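Just so it is clear, the model here is predicted, and its values are computed rather than measured. Indexing begins at 1, ligand by ligand and atom by atom, following the structure's order.
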Amino acid sequence: MTDPNDATTSDETETTAPPLTPMSLPMLLARIEHEWETRKRIFDLPTARFWKPDTHAGGGGIDLSFEFLGRPAASPIGPAAGPHSQMAQNIVLSWLGGARLFELKTVQILDDLDIARPCIDMETIGYNIEWSQELTVAQSLEEYVKAWIIIELLKRWEPLHEYVGAPDEGGPGPHVFDMSVGYDLEGIQSEKVAGFIDGMANATDEIERLRAQIPDDSVFAQFRDIDIPPNISDTITLSTFHGCPPDEIEAITKHLVAEHDIDVIVKLNPTLLGPDGVSAIVHDTLGYDYVELVPKAFEDDLPFDRAISLIDELHRFALDRGHRFGIKLTNTLVVDNHKQWMPDQTMYLSGAPLHVLATAVLDKLATALPGRFMISGHDDGSDDGTGGDIMVSFSAGVNKDNLADTIAMGVRPASVCSDLLKPGGYGRLAPMLKALTQAVGDSGSTDLDAFRAARLAEARSGGHEATVQAHLAHITGDDLASYHLTGNEKLPRSVDHELEMWGCVACNFCVTVCPNDAFFKVPTPDSLATEIEAEGGSAGRQQYLVFSELCNECGNCLTFCPEDGDPAVIKPRLYVDESRFDAADGPRFLIGTDGSITASAAGGAEGEIPRLLKVLGADEGLPLPTT
Ligand SMILES: Cc1cc2nc3c(=O)[nH]c(=O)nc-3n(C[C@H](O)[C@H](O)[C@H](O)COP(=O)(O)O)c2cc1C
Ligand code: SF4
Ligand code: SF4
């Protein structure tokens with residue numbers, strides 16, 4: 001890969017984000033149909049990475065379902081608010097992989113901001129500077145409704161039943177969309193954001209408008225008139241990032257419960273441990289000496305004592321109004337940008353060290369509020385009669401290796417962001433669920449409640465008060481290496497070769513690490529291989545191309561590409577939207593609906609048209625039908 005530290009300075013890297021241009025519903029459906037016919041994949045995910053619940057009609061199997069604030073979901077994992085829950089195809093990909101709880105990308109009133117690029121750095125642990133949604137609020141609503149509709153269509157589509165389960169045989173099971181909003185009361189009260197929340201609670205108009213777009217010649221036309229539940233979401237996770245003051249958190253939560261009749265989760269930050277507590281873990285225990293904390297982040301954020309009174313107050317407020325309340329641990333940690341690969345002065349840390357921080361926050365909160373949380377060992381009733389019913393959702397460095405231990409703590413769901421940005425991408429979800437299924441079975445249980453009970457008994461017999469303490473002891477003891485700097489220093493693989501438009505080591509990483517599924521691959525046609533080899537080059541097994549409208553230059557494929565160069569810039573950049581093609585620069589190609597190709601004048605793109613025609617005209621070809 002291009003060494004981030006050598007490649008650029010912050011001034012050089014700063015660019016204005018190209019606007020993401022979502023694909024229309026008909027185009028997404030056409031892409032699904034065409035990919036299935038030509039590749040047996042959907043949005044580049046092979047069927048081997050689809051998840052099928054292990055429950056069968058008539059009983060048997062391991063049941064991974066849980067209740068999210070009282071709503072059923074067939075698995076306890078899903079994408080955390082971030083790049084995997086912004087666009088329709090991202091959400092569908094997560095669903096195919098087994099996600100059943102979706103914390104949607106945070107929506108806020110400021111919806112035309114320029115995010116500096118690159119904005120994601122998953123080279124070792126995780127950092128990002130992606131502090132806002134990139135779509136307009138109206139586009140976000142449309143993306144979420146499109147995803148909701150596509151999942152309803154796919155559930156009924158017979159060819160998929162073999163891979164995700166048939167509805168009458170226990171699969172694919174229910175799923176929940178959870179909204180995420182931020183960051184201040186005024187914005188949340190605005191017509192724009194209030195309209196979004198109401199539109200998600202009752203999306204009848206949007207569903208009717210979109211379902212009419214399902215083309216007559218689509219395999220999905222048979223489902224155009226199915227019942228699609230209009231209540232897409234009536235829960236909200238409040239993102240309290242960026243120093244949202246305690247009184248604001250209180251006012252927003254009460255406003256959402258009282259005015260929108262909604263169950264609320266407040267997403268808290270690792271700053272709850274205070275600077276000394278965070279430093280003790282990040283520096284002393286985990287060895288990340290180079291991570292520089294930002295004092296202001298602690299000054300602006302919710303202090304621990306206030307968090308305790310706030311959780312108590314908001315829980316009671318919600319209960320009094322017949323609503324449920326929960327907390328989410330945690331958002332990312334604000335740190336100084338020591339790498340300067342991404343342009344902003346601060347960046348947000350996620351992944352392995354955050355897992356330890358979030359577990360420590362949970363331990364501290366559970367100790368301070370005994371019997372109040374719905375987590376193992378604490379959910380057996382509190383002295384004041386409120387019971388342990390504050391749900392705890394978790395997102396911090398969750399991966400295949402720690403998912404079972406995380407779920408054993410009693411959190412629901414465990415949502416994932418950084419791990420899905422690593423090679424394998426959405427394809428990492430199904431193996432996580434397989435590992436969880438195995439762990440549940442190994443504990444002698446057939447569902448998550450029994451699994452948690454078994455793990456609680458095990459923790460107590462090991463001398464721990466509850467499973468949270470057992471997990472914290474494990475990740476800072478026996479399993480410290482998985483979270484310590486020394487276990488997280490390895491850089492992505494790199495080869496000494498300049499990346500070119502055609503041919504590469506064909507590792508497929510650009511396809512899988514892209515949260516937007518902007519990349520696709522096509523097997524190299526023989527004629528192209530012969531031509532490139534005659535020139536002394538190597539064509540590689542596959543050619544990689546990018547749908548540029550879906551690329552926001554986040555930088556994640558640049559990080560993981562083993563060759564030297566940026567795949568999103570060097571590989572053939574295709575456009576299907578003429579205005580976006582016209583507005584862009586650099587070598588690029590416009591694909592007409594009839595399959596015709598127009599090249600930009602820049603960078604010798606015209607000369608590449610014959611090769612592009614060979615690739616797109618091959619059997620798998622462009623993953624979109626042409627007339
Ligand atoms: C690129 C990126 C974008 C994110 N965007 C949001 C967001 O819009 N809203 C939010 O509440 N959290 C956001 N997060 C935080 C995640 O939802 C999650 O809480 C955090 O990354 C910890 O999980 P992880 O260690 O699995 O990444 C983002 C994280 C990343 C890495
Ligand atoms: S193609 Fe690369 S830069 Fe573009 S969105 Fe995907 S991962 Fe990010
Ligand atoms: S362009 Fe994509 S497939 Fe080719 S080497 Fe880079 S990451 Fe791997």
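- Residue contacts with ligand 1 do not include Asp419, since none of its heavy atoms lies under 4.0 Å from the ligand.
- Considering backbone and side-chain N/O atoms, Ala80 never comes within less than 3.5 Å of an N/O atom of ligand 1.
- The atoms of ligand 1 that sit less than 4.0 Å from any heavy atom of Ile120 are 1 (C).
- Between the side chain of Asn556 and the backbone N or O of Leu421 there is at least one donor-acceptor pair closer than 3.5 Å.
- Among all non-hydrogen protein atoms, the one lying nearest atom 20 (C) of ligand 1 is Thr332 CG2, 3.8 Å.
- The shortest heavy-atom contact between Tyr144 and Val107 is OH-CG2, 4.1 Å.
- Residue, atom and distance of the protein heavy atom nearest to atom 8 (Fe) of ligand 2 are Cys554 SG, 2.3 Å.
- Inclusion of Asn331 in the set of residues having an N or O under 3.5 Å from an N or O of ligand 1 is warranted.
- Closest to atom 5 (S) of ligand 2, if we only count protein heavy atoms, is Asn552 OD1, 3.3 Å.
- Contact detail for Thr106 and Ser180: the closest heavy-atom pair is OG1-OG, 2.7 Å.
- Under 4.0 angstrom from ligand 1, the non-hydrogen atoms of Lys267 all belong to its side chain.
- Closest to atom 4 (Fe) of ligand 2 among all protein heavy atoms lies Cys551 SG, 2.4 Å.
- The shortest distance between side-chain heavy atoms of Asp184 and Cys244 does not fall below 4.5 Å.
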What's the verdict on salt bridge (Lys or Arg N to Asp or Glu O under 4.0 Å) for Arg611 and Glu500, showing C-alpha distance, side-chain angles and the deciding distance?
CA-CA 13 Å; Arg611 287 182 173 181; Glu500 295 172 54; over 6 Å; no
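- For atom 25 (O) of ligand 1, the closest heavy atom belonging to the protein is Gly397 N, 2.7 Å.
- Looking at Ala396 against ligand 1, only its backbone comes within 4.0 Å, counting heavy atoms.
- For ligand 1, the atoms sitting less than 4.0 Å from at least one non-hydrogen atom of Leu354 are 22 (C), numbered in the order shown with element in parentheses.
- Among all protein heavy atoms, the one lying closest to atom 27 (O) of ligand 1 is Ser418 OG, 2.6 Å.
- Proximity of the aromatic rings of His355 and Phe394 is defined here by a centroid distance below 6.0 angstrom, and this criterion is met.
- Interatomic distance, CG of Leu472 versus OG1 of Thr359, reported as 6.5 Å (0.5 Å rounding).
- Comment: Lys614 engages Glu531 in a salt bridge, judged by a side-chain N to carboxylate O separation of less than 4.0 angstrom.
- Between Tyr426 and Phe43, the ring center distance fails the sub-6.0 Å criterion.
- With a 4.0 Å cut-off on non-hydrogen atoms, Thr330 touches ligand 1 through its backbone and not its side chain.
- Checking only distances, Lys105 does come within under 3.5 Å of ligand 1, N or O to N or O.
- Annotation: atom 31 (C) of ligand 1 to nearest protein heavy atom, Asn128 ND2, 3.3 Å.
- For the residue pair Asn488 and Thr124, no side-chain donor N or O sits within less than 3.5 Å of a side-chain acceptor on the partner.
- With ligand atoms numbered from 1 in the order given, ligand 1 contributes 1 (C), 2 (C), 3 (C) to contacts under 4.0 Å with heavy atoms of Pro83.
- For the pair Trp341/Tyr127, no side-chain contact is recorded, criterion being any heavy-atom separation below 4.5 Å from C-beta on.
- Closest protein heavy atom to atom 26 (O) of ligand 1: Cys417 N, 3.0 Å.
- Near Gly555, meaning under 4.0 Å from one of its heavy atoms, ligand 2 places the atoms 3 (S), 8 (Fe).
- The distance from ligand 1 to the heavy atoms of Gly351 drops below 4.0 Å at these ligand atoms: 25 (O).
- The aromatic rings of Phe177 and His175 are tilted relative to each other, their planes meeting at an angle between 30° and 60°.
- Within the 4.0 Å heavy-atom shell around ligand 1 one does not find Gly126.
- Residue-level proximity to ligand 1 for His355 is absent, since no heavy atom of it falls below 4.0 angstrom.
- Within ligand 1, the atoms closer than 4.0 Å to a non-hydrogen atom of Ser350 are 21 (O), 25 (O), 27 (O), numbered from 1 in the order shown.
- Side-chain contact check for Asn552 and Glu134: at least one donor-acceptor pair (N or O, by modelled atom type) lies under 3.5 Å.
- Listed by first then second residue, pairs satisfying salt bridge (charged side-chain N to carboxylate O under 4.0 Å, His left out) with a partner in residues 400-418 read Asp405-Arg455, not counting sequence neighbours.
- Side chain of Gln345 to backbone of Asn337: no donor-acceptor contact under 3.5 angstrom is found.
- Panel detail: atom 2 (Fe) of ligand 3 has protein N, O or S atoms under 2.8 Å away, 1 in number.
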Side chain to side chain contact (heavy atoms under 4.5 Å, CB included) between Leu622 and Phe520, worked out:
CA-CA 9 Å; Leu622 182 74; Phe520 66 96; 4.1 Å; yes
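- Nearest protein heavy-atom neighbour of atom 18 (C) of ligand 1: Ser395 OG, 3.6 Å.
- Note that CE of Met23 is 7.0 Å distant from CD of Glu549, once rounded to the nearest 0.5 Å.
- For Ser239, a nitrogen or oxygen atom sits less than 3.5 Å from a nitrogen or oxygen atom of ligand 1, counting backbone and side chain alike.
- Distance check: Ile249 CD1 to Leu268 CG gives 7.0 Å after rounding to the nearest 0.5 Å.
- Residue, atom and distance of the protein heavy atom nearest to atom 6 (Fe) of ligand 2 are Cys514 SG, 2.4 Å.
- Using a 4.0 Å cut-off between charged nitrogen and carboxylate oxygen, Arg31 and Glu35 count as a salt-bridge pair.
- In Thr106, the parts holding a heavy atom less than 4.0 Å from any atom of ligand 1 are both the side chain and the backbone.
- The protein non-hydrogen atom at the shortest distance from atom 6 (C) of ligand 1 is Ala81 O, 3.1 Å.
- Counting non-hydrogen atoms of neighbouring residues, nucleotides and ligands closer than 6.0 angstrom, the CD atom of Glu535 exceeds 12 such neighbours.
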